[in-house]
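Throughout, a chain's letter reflects where its sequence line sits, starting with A, and its residues are numbered from 1. Predicted, not measured: the structure shown is a model, and the values here were computed from it.
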Protein chains: 2
Amino acid sequence: MGDLPLSKTDRKNKVNNPKSDYETGLSDDEQLDLRIWLRLLTCTHLIERRVRKNLRDDFDTTLPRFDVLAQIDRAPDGQPMRELSNRLMVTNGNITPLVDRLVDDNLIKRDPSTEDRRVQHVSLTSEGQNALDKMIPAHSSWVNSLMANLDRESALDLHKLLGDLKNSILKAEIE
Amino acid sequence: MGDLPLSKTDRKNKVNNPKSDYETGLSDDEQLDLRIWLRLLTCTHLIERRVRKNLRDDFDTTLPRFDVLAQIDRAPDGQPMRELSNRLMVTNGNITPLVDRLVDDNLIKRDPSTEDRRVQHVSLTSEGQNALDKMIPAHSSWVNSLMANLDRESALDLHKLLGDLKNSILKAEIE
DNA sequence: ACTTATTACTTTAGATCTAAACCATTTAAT
DNA sequence: ATTAAATGGTTTAGATCTAAAGTAATAAGT
């Protein structure tokens, strides 16, 4: 895919890079990619576990509920359910009961769209906004403290490389 | 925490870095950490979605089942349930029914430990080993293709930085 | 020996998730 | 206009997950 004569994809080709780990049958590049994937997963799990616990201990709520509230907050005028499930990257069938419960708890509200009768616009109630306003800085500080041992330059590099990775994935998804 | 005079933790201090985003009330470093966390989550979700779909389409199985099989494979002589849940970073109560189903499908087997009557050693059956041997290279190639647009140097950097992040998290967990 | 943790695993209750089927509405294509 | 396709949302079935309680066996402290 790359324009460079020595792109990684070339080097991955077993004709160009016959050295494989005999035990696994995987090339060096494949091994590296798998290790990246494992670390990605580990970091995600570790952070999620901490955030989950803190949300429960400090706010008696759950991560998916917080995620929904935080996402709704990003569109103050309300947003359709589909946008929620897209942004949160979960299936649409998952959002409905989550929103149901948050509506029951009077933290968010559903308003039918005037333009499209299929659409339900979801937005925060003042109670929901209040609750979220307390959670946002706490959540931020938790993540912050987990990354405190990463110097700023590394953090900037990591942010950039994760952006590259995301683009690589999206490019691969298209084909 | 850092030994350097201008460590990130110092700069995070609002006295030293009074510039905050007025809208969010978060410092630049906090914003950066949150963005890293978001990208981490996005990449993880995107890869998981793809792997999940491919496992279903090509092998008619699920990601948690594959994870359990792959983890069991790493300890050929069998390993206790606890080690499984530790390495897969899920609660122990989650592993039991997953293992139950895989045993029912004759892909793995449980053997009581001779040394400790509480322990159940889990290992692959030959059927399970056969199934897994087909999945491993496929899984690797999927991950590989998702990262194909990342050049090798970036991949190495990313691997290293994710290691740094992991260490930072673990250090923070201890306190 | 005896009591008290601790550990390995299971069980329970309930929330969350996926995939797939479904309904209603809107859009596109004749 | 009429049909066909796409879209937004819900529902369903079933798997996966967490947290917390429970059970049995081991380890540690006195």
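- C/dT10 atom P lies 12 Å from atom CG of B/L98, rounded to whole Å.
- Residue pairs meeting the salt bridge (charged side-chain N to carboxylate O under 4.0 Å, His left out) criterion with at least one partner in residues 130-148 of chain B, sequence neighbours excluded, do not occur; the list is empty.
- Considering only residues two or more places apart in sequence or on other chains, A/R118 meets the side chain to side chain donor-acceptor pair (under 3.5 Å) condition with A/D116.
- For A/R56, the side chain to side chain contact (heavy atoms under 4.5 Å, CB included) criterion is met by A/K53, not counting sequence neighbours.
- Looking at residues two or more places apart in sequence or on another chain, you find a salt bridge (charged side-chain N to carboxylate O under 4.0 Å, His left out) between B/D164 and B/K160.
- Atom CD1 in B/I95 sits about 14 Å away from atom C1' in D/dA15, given to the nearest Å.
- The distance between atom CG of A/N54 and atom P of D/dT18, rounded to the nearest whole Å, is 16 Å.
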Strictly under 3.5 Å: I want the nitrogen or oxygen pairs between protein and nucleotides 19-23 of chain D, one per line.
from, atom 1, to, atom 2, distance (Å)
D/dA19, OP1, A/R56, NH2, 3.2

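- Here salt bridge (charged side-chain N to carboxylate O under 4.0 Å, His left out) pairs that include residues 75-89 of chain A, with residues two or more places apart or in two chains, are A/E83-A/R87.
- Under the rule for a side chain to side chain donor-acceptor pair (under 3.5 Å), the partners of B/T61 that lie at least two apart in sequence or sit in another chain are B/R65.
- Residues of residues 64-74 of chain A that place a heavy atom closer than 4.0 Å to DNA chain D do not occur.
- Contacts of B/R49 classified as side chain to side chain contact (heavy atoms under 4.5 Å, CB included), with partners at least two apart in sequence or in another chain: A/M89.
- Considering only residues two or more places apart in sequence or on other chains, A/S141 meets the side chain to side chain contact (heavy atoms under 4.5 Å, CB included) condition with none of them.
- Whole-Å rounding puts the B/H45 NE2 to C/dT18 C1' distance at 12 Å.
- Between the CZ atom of B/R50 and the P atom of C/dA19 there is a distance of 11 Å, given to the nearest Å.
- For the segment residues 113-121 of chain B, residues with any heavy atom less than 4.0 angstrom from an atom of DNA chain D are, sorted by number, B/D116, B/R117, B/R118.
- When rounded to the nearest whole Å, the span between CG of A/L84 and C1' of C/dC17 equals 16 Å.
- The nearest heavy atom of DNA chain C to B/Q79 and to A/M89 marks one nucleotide each, and the one closer to the 5' end goes with B/Q79.
- Within the 4.0 angstrom heavy-atom criterion, no nucleotide atom of any strand lies near A/S85.
- Across A/S123 and A/D111, no two heavy atoms sit closer than the pair OG-OD2, 4.1 Å.
- Note: CD (A/E48) to P (D/dC17) measures 12 Å, nearest angstrom.
- If you check every strand for non-hydrogen atoms under 4.0 Å, B/L63 touches nothing.
- Rounded to a whole Å, the CG atom of B/D57 is 13 Å from the C1' atom of C/dA20.
- Residues B/D73 and B/Q129 bring a donor and an acceptor atom of their side chains to less than 3.5 Å of each other.
- The side chain to side chain contact (heavy atoms under 4.5 Å, CB included) test applied to A/D58 returns A/W142, not counting sequence neighbours.
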